[in-house]
Amino acid sequence: MTQFKSDFMRVLHERGFVHQCTDSDALDRKAAAGELIAYVGYDCTADSLHIGHLVTIMVLRWLQKTGNQPIALMGGGTTKVGDPSGRDETRKLLTAETIDANMQAIRRSFANFISFDGGAKPAIMANNAEWLDGLMYIPLLRDVGRHFSVNRMLTMDSVRLRLERDQPLSFLEFNYMILQSYDFVELARRYGCNAQFGGSDQWGNIVMGAELGRRMEERELYGLTVPLITTASGAKMGKTAAGAVWLNPVRLSPYDYWQFWRNTEDADVGRFLRLFTDLPLDEIARLEKLGGAEINEAKKVLAFEATRLCHGEQDAGKAAETARKTFEEGALADTLPTFDVAKAALEKGIPAYELLRQAGLATSNAEARRLIKGGGGRLNDQPIADETMAITLAHADGEGRIKLSAGKKKHVLVRAI
């Protein structure tokens, strides 16, 4: 491995964050001098980021921890266009009010990973609507658009793949890479930003942004991408049967977030500890050597550390204790996710498959039926024998609670109200 002068580049390579880089030596020099100011862009298509964004968030975290300055760029402007990268269809256009609300919710998640207040290098949260909304179209085409070759734009994966699949690509979306490149130049002007980080699918956009800076202002700008994270079994990281693994606790409880990491495949434990926690590498090396049943202890450490970063130490501790009570003591833990049902409905009775689906333990009635038939649907820790059996208040404890489970690791308390 290359001997880097900066802690930042050394950490990124040792922990497996680097996929491609335009100029490692230049980034290393900037980082060693504490002069690296880098950004990652996030569109505001939802009120939460998910763990598919977590690798780049951790890169920004390490950037700040090693004495350099991170910029989290919110796409208040580009969200109105939609990034075609990795998509087969046009995004639904959101209103300005929805985008602003999403941005505020996302900022709260970011604050757990990087510091926007105090210190020598506080993180910056910028909004590209500040400059994109005011651009006049003809001046933009003259000043920025002339630096882009349509021939080259058509070779970019974000465009080429859509065209090869005969999926429509609107002219609005086609402009996205021009706007993203202009973001890079504008951040360089406003904040001295000299690097952009992103996922591997953003490589073409990042390179074009660096080139635009050179052509428009003779600036030296750099880029680095992180790898696409897949599990040992080949699945895309963060995709579950229940949907995305959100960072916002309103979308996904800290307990469910903890459980996601606890369910990591054995072969992924060491890699995920390096990417998604701050634990020292020697401690990670010790944990990933654990074999047999002991690997579960390493998974608990991963779950706690990842949840601590996202939700804080208190919520991570509560999630760990809830899991311990649920799995080790068989107790009905009060901090399990809850689902409220009208008392009248339970008095009448709800088919087991339907209640599993309503409680979020299955995405459809058909999936719930299959779960029960396969022996994975459980009522108060006992297998549900018949998918159509009526679950009623008779199954509740003295406090009106019913425990539903999908397998051994997903549990919900159904409460009669």
Side-chain angles (χ1 to χ4, degrees), residues 1-42 53-75 110 113-128 130-131 144 147 177 180-227 274-275 278 280-281:
M1 183 180 291
T2 305
Q3 294 297 311
F4 292 105
K5 298 177 181 177
S6 69
D7 288 339
F8 176 68
M9 289 297 282
R10 177 182 53 77
V11 165
L12 257 57
H13 281 81
E14 287 178 345
R15 289 181 174 260
F17 282 101
V18 180
H19 179 62
Q20 289 175 288
C21 185
T22 60
D23 190 335
S24 292
D25 291 339
L27 278 179
D28 188 39
R29 287 194 299 273
K30 291 282 187 184
E35 298 173 353
L36 187 56
I37 305 172
Y39 89 96
V40 179
Y42 302 90
H53 300 107
L54 197 51
V55 179
T56 55
I57 294 173
M58 290 299 294
V59 171
L60 292 180
R61 178 177 174 82
W62 282 112
L63 183 70
Q64 188 172 49
K65 283 169 66 74
T66 54
N68 293 276
Q69 190 165 32
I71 300 175
L73 177 65
M74 296 290 99
F110 259 110
F113 292 92
I114 54 179
S115 173
F116 294 98
D117 303 308
K121 302 286 177 64
I124 296 168
M125 180 163 279
N127 176 7
N128 63 15
E130 292 177 13
W131 52 87
V144 180
H147 295 294
M177 69 178 72
Q180 181 171 329
S181 297
Y182 183 69
D183 282 345
F184 203 170
V185 174
E186 192 65 34
L187 288 170
R189 289 171 176 168
R190 292 177 178 231
Y191 303 109
C193 179
N194 45 36
Q196 180 183 174
F197 305 147
S200 57
D201 62 338
Q202 295 296 316
W203 177 250
N205 292 341
I206 291 173
V207 169
M208 293 187 84
E211 290 183 2
L212 182 64
R214 177 175 54 80
R215 289 173 176 170
M216 288 186 70
E217 301 195 347
E218 297 184 349
R219 288 180 180 269
E220 288 298 322
L221 303 177
Y222 311 101
L224 181 147
T225 61
V226 300
R274 282 187 285 275
L275 289 170
D278 290 341
L281 290 177

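- With sequence neighbours left out, R61 forms a salt bridge (Lys or Arg N to Asp or Glu O under 4.0 Å) with D278.
- Scanning for side-chain hydrogen bond (donor to acceptor under 3.5 Å, both in side chains) contacts around W131 gives D183, with sequence neighbours left out.
- Remark: side-chain polar atoms of R15 are paired, donor with acceptor, to backbone N or O of R274 under 3.5 angstrom.
- Remark: R189 pairs with E186, E217 by the salt bridge (Lys or Arg N to Asp or Glu O under 4.0 Å) rule, at least two apart or across chains.
- The salt bridge (Lys or Arg N to Asp or Glu O under 4.0 Å) check on D7 picks up R10, with sequence neighbours excluded.
- Counted by atom type alone, Q202 and Q180 present one or more donor-acceptor pairs between their side chains at under 3.5 Å.
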Exercise. Going through the checks in order, is the side chain to side chain contact (heavy atoms under 4.5 Å, CB included) test met by L221 and R214?
Worked result: CA-CA 7 Å; L221 303 177; R214 177 175 54 80; over 6 Å; no
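- Side-chain atoms of L281 and E14, non-hydrogen and from C-beta on, do get closer than 4.5 Å to each other.
- Qualifying side chain to side chain contact (heavy atoms under 4.5 Å, CB included) partners for K121, counting only residues two or more places apart in sequence or in other chains: Q69.
- In this structure, N68 has no side-chain hydrogen bond (donor to acceptor under 3.5 Å, both in side chains) partners at least two apart in sequence or on a different chain.
- For residues 16-25, no pair satisfies side-chain hydrogen bond (donor to acceptor under 3.5 Å, both in side chains), with sequence neighbours left out.
- Residues passing the side chain to side chain contact (heavy atoms under 4.5 Å, CB included) test with E220, sequence neighbours excluded: Y222.
- Partners of T56 according to the side-chain hydrogen bond (donor to acceptor under 3.5 Å, both in side chains) rule, which considers only residues two or more places apart in sequence or in another chain, are Y42.
- Contact of the V59 side chain with the V226 side chain is registered, since non-hydrogen atoms from C-beta on lie closer than 4.5 Å.
- With sequence neighbours excluded, the residues that form a side-chain hydrogen bond (donor to acceptor under 3.5 Å, both in side chains) with S6 are D28.
- Residue pairs meeting the ring-ring contact (aromatic ring centres under 6.0 Å, His included) criterion with at least one member in residues 184-218, sequence neighbours excluded, are F8-F197, Y39-F184.
- A salt bridge links R190 with E130: the closest approach of a Lys/Arg side-chain nitrogen to an acidic carboxylate oxygen falls below 4.0 angstrom.
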